[in-house]
Participant: 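The structure is given below, and queries will be raised subsequently.
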Amino acid sequence: MVYFLAGLLQSVLVAVGLAKLLQFVPVLAVMIKLVGALYLLWLGIKLIKNWHNAGISCTNVSKHADKSMRQLFLLGMLNNLLNPKALLFFALFLPQFINTQAPILTQIMLLGVLLSMVTLMINVMVSWMVSIATSQFTAKIKPGRYVDGILGILFVGLAARLALSK
């Protein structure tokens, strides 16, 4: 649901002129990309530290147990809104399908809602399949104690790839 709401907010940003701003100030797109890369790097390092400090023990389940639904929602929104690829995708993809003879704001919002709904459906299906796979395999293998380390390394790699991409 957070992805859906973040997509709607990104659509609003595009509708109020983010796409035009990125076209006229390309350095802003580079800055968004670098901020996103730094955020991924920070997340990756934080995950690796948590994994290392936990003595490679499984603490993933209770890590966010003390957070309220509101706090988790805000963390999810922050994570999605700081995703430079999604923001740039919305800003550069949606305007391609706009008819300049019709109300632009309405078209961008409609396209943003459709894109967000499709993304929501895909995320729900993937989450459902992963939960089924997790329930089947966690009894046999114990990947939980390595999740933070693996994700941390993955995030650091993605940050490097994003920062170095053209």
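Because only heavy atoms are used, hydrogens play no part in the values below, and waters and symmetry mates are left out as well, while side chains stay in.
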Participant: For residues 89-104, dump all side-chain donor-acceptor pairs below 3.5 Å to protein atoms at least two apart in sequence or in another chain.
Facilitator:
| residue | atom | partner | partner atom | Å |
| --- | --- | --- | --- | --- |
| Gln96 | NE2 | Leu92 | O | 3.1 |
| Asn99 | OD1 | Gln101 | N | 2.9 |

Participant: Sequence neighbours excluded and cut-off under 3.5 Å, please list the side-chain donor-acceptor pairs for residues 5-13, or say none.
Facilitator:
| residue | atom | partner | partner atom | Å |
| --- | --- | --- | --- | --- |
| Gln10 | NE2 | Asn80 | O | 3.4 |
| Ser11 | OG | Gly7 | O | 2.9 |

Participant: Connecting only ILVMFWY residues whose side-chain heavy atoms lie within less than 4.5 Å of each other, what is the rest of Leu114's hydrophobic cluster?
Facilitator: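 Hydrophobic cluster check, Leu114: joined to Leu110.
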Participant: Would you list the atom pairs, donor with acceptor, under 3.5 Å between side chains in residues 31-49 and any protein atom, with sequence neighbours excluded?
Facilitator:
| residue | atom | partner | partner atom | Å |
| --- | --- | --- | --- | --- |
| Lys33 | NZ | Ser165 | O | 2.3 |

Participant: Using residues 117-131 as the side-chain source, report each donor-acceptor pair under 3.5 Å to any protein atom, sequence neighbours left out, with the distance given to one decimal.
Facilitator:
| residue | atom | partner | partner atom | Å |
| --- | --- | --- | --- | --- |
| Thr119 | OG1 | Leu115 | O | 2.8 |
| Asn123 | ND2 | Thr119 | O | 3.3 |
| Ser127 | OG | Asn123 | O | 2.8 |
| Ser131 | OG | Trp128 | O | 2.8 |

